[in-house]
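To keep things clear, I will list the structure first and then write my remarks on it.
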Amino acid sequence: MNVMRWLSLEEMLSGLDTPVGCTAEQLSRDDIPRLTTLLSTWYPDIRVGTESRHLDPSFYEREVYLRGESPERPLYAIVCREQKSGDIIGLLTLERNVRGLQLSAALGVVEPSRRGVGIGSLGTSALEVVGRNIGAEVVLYYSTLKTPLGQRNAEDRGYTLVGLVPAFDVDAIAPGMVKRVYEALYAKVLVAQERVHVPAWEMLTPPTRALFTHLFGPHPAQSAVAPEVREQRHG
């Protein structure tokens, strides 16, 4: 049975190249104070919403598999460093659902002056590569709608937009203004199509049928209908 264990970082990132001048490593306990300080500086909006847990040192101590510690924890944190200086310039946290064989990105963030050099796109690629290497069967990626960059990163790497989730989380949308926000949900299936059950067409309500067709194309039941019958139905 696939238990989706965390492996060494080298094994999990096997097949993925990091941007030139950068290195990737597993977060260590010693890095937590520096990392949480950097995050609050790079990304002030992180102080509200689900991502705010990354500012709390106890979150890492309780939930994250730190270097040399318990691999049973549900999250794994990958730190990106500048190769020459050793400075932390990015963070990606991954969260596994062992029972569902799912892997998702909890947070991906890059030091502001380093955005646009490929570190951010590394996150969406790493999510898939790590997922495949540890035995995940689907990877999920939520993207903010405040900027298009995260959306493009997912779309350029073959993720499918499967929904827009209203009021998904809390975010700062302007100075002093916090509201619930929409987020885009992307998915990539990592198993063969024959292992995925397609819901029966007759079990779907009209709105669900319309959305299914919009997202995934014609349902097999509809594709099986003879062309002349489809013409009569829509004539």
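Treat the numbers as computed from the prediction; the structure is a model and nothing was measured.
- The hydrophobic clustering, which links ILVMFWY residues whose side-chain heavy atoms are closer than 4.5 Å, places Y76 and V64 apart.
- The environment of OH in Y182 is sparse: at most 12 heavy-atom neighbours from other residues, nucleotides or ligands sit within 6.0 Å.
- Atom CZ of R180 sits in a crowded spot, with more than 12 heavy atoms from other residues, nucleotides or ligands closer than 6.0 Å.
- Taking CG of L127 as the start and NZ of K188 as the end, the distance is 9.0 Å to the nearest 0.5 Å.
- Distance alone, capped at 3.5 Å, places no donor-acceptor pair between the D171 side chain and the I173 backbone.
- F59 has its side chain out of reach of T36: every pair of non-hydrogen atoms, C-beta onward, lies at least 4.5 Å apart.
- A side-chain donor-acceptor contact under 3.5 Å links K146 to the backbone of A172.
- For the pair Y60 (side chain) and H54 (backbone), a donor-acceptor distance under 3.5 Å is present.
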Q: Check the pair Q151 / Y186 against side chain to side chain donor-acceptor pair (under 3.5 Å), numbers first and verdict last.
A: CA-CA 9 Å; Q151 301 159 59; Y186 290 87; 4.6 Å; no
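- Going from atom OG1 of T144 over to atom CZ of F168 covers 11.0 Å, rounded to the nearest 0.5 Å.
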**Q.** Criterion salt bridge (charged side-chain N to carboxylate O under 4.0 Å, His left out) on E63 and R53, from CA distance to verdict
**A.** CA-CA 10 Å; E63 302 289 342; R53 59 183 174 163; over 6 Å; no
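- The cluster map of Ile, Leu, Val, Met, Phe, Trp and Tyr, joined by side-chain heavy atoms under 4.5 Å apart, puts L91 and L94 in different clusters.
- Between T50 and Y142 there is no side-chain heavy-atom pair separated by less than 4.5 Å.
- The shortest side-chain heavy-atom distance between L140 and L103 does not fall under the 4.5 Å cut-off.
- Within the 4.5 Å cutoff, side-chain heavy atoms of R96 are placed close to those of W6.
- Proximity of D87 to E111: side-chain heavy atoms (C-beta onward) are nowhere separated by under 4.5 Å.
- Between C80 and C22, the shortest heavy-atom contact is SG-CB, 3.8 Å.
- Put simply, CZ on F216 and OG1 on T160 are 7.0 Å apart, with the number rounded to the nearest 0.5 Å.
- Between E69 and R29 there is a salt bridge, since a side-chain N of the basic residue sits under 4.0 Å from a carboxylate O of the acidic one.
- Across all non-hydrogen atoms, the minimal contact from A126 to L13 is CB-CD2, 4.2 Å.
- No donor-acceptor pair closer than 3.5 Å links the side chain of N153 to the backbone N or O of G123.
- Checked by atom type and distance alone, the side chain of H219 pairs as donor or acceptor with a backbone atom of P199 at under 3.5 Å.
- Under a hydrophobic-cluster definition in which Ile, Leu, Val, Met, Phe, Trp and Tyr are linked whenever side-chain heavy atoms come within less than 4.5 Å, directly or via other members, L101 and L75 are assigned to different clusters.
- By the neighbour-count criterion of 12 heavy atoms within 6.0 Å, atom NZ of K179 is sparsely surrounded, having that number or fewer from other residues, nucleotides or ligands.
- Both F212 and V165 are members of a single hydrophobic cluster when ILVMFWY side chains are connected at heavy-atom separations under 4.5 Å.
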Q. Step by step, would you call S28 with D30 a side chain to side chain donor-acceptor pair (under 3.5 Å)?
A. CA-CA 5 Å; S28 71; D30 291 343; 5.1 Å; no
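- Counting heavy atoms from C-beta on, the side chains of L66 and R73 come closer than 4.5 Å.
- Under the 4.5 Å side-chain heavy-atom criterion for Ile, Leu, Val, Met, Phe, Trp and Tyr, V109 and L27 are members of the same hydrophobic cluster.
- Tested against S85 for a side-chain contact (heavy atoms from CB on, under 4.5 Å), the candidates E82, Q83, R81 yield a single pass: E82.
- The backbone N or O of T37 lies less than 3.5 Å from a partner atom in the side chain of S40, making a donor-acceptor pair.
- R47 contributes a side-chain N or O that, together with a main-chain N or O of P44, makes up a donor-acceptor pair within less than 3.5 Å.
- Taking 4.5 Å as the limit, every side-chain heavy atom of N133 sits out of range of all side-chain heavy atoms of E11.
- In this structure, the side chains of L107 and Y43 come closer than 4.5 Å at one or more pairs of heavy atoms.
- Side chain of S70 to main chain of E72: a donor-acceptor pair is present (N/O by atom type, distance under 3.5 Å, no hydrogens or angles).
- Annotation: the span from R195 atom CZ to L190 atom CG amounts to 10.5 Å, rounded to 0.5 Å.
- To the nearest 0.5 Å, atoms CZ (R132) and OG (S14) are separated by 13.0 Å.
- Side-chain atoms of R209 come within 3.5 Å of backbone N or O of L204 as a donor-acceptor pair.
- Heavy-atom minimum distance, L145 versus A184: CD2-CB, 3.8 Å.
- Side-chain atoms of Y159 come within 3.5 Å of backbone N or O of T124 as a donor-acceptor pair.
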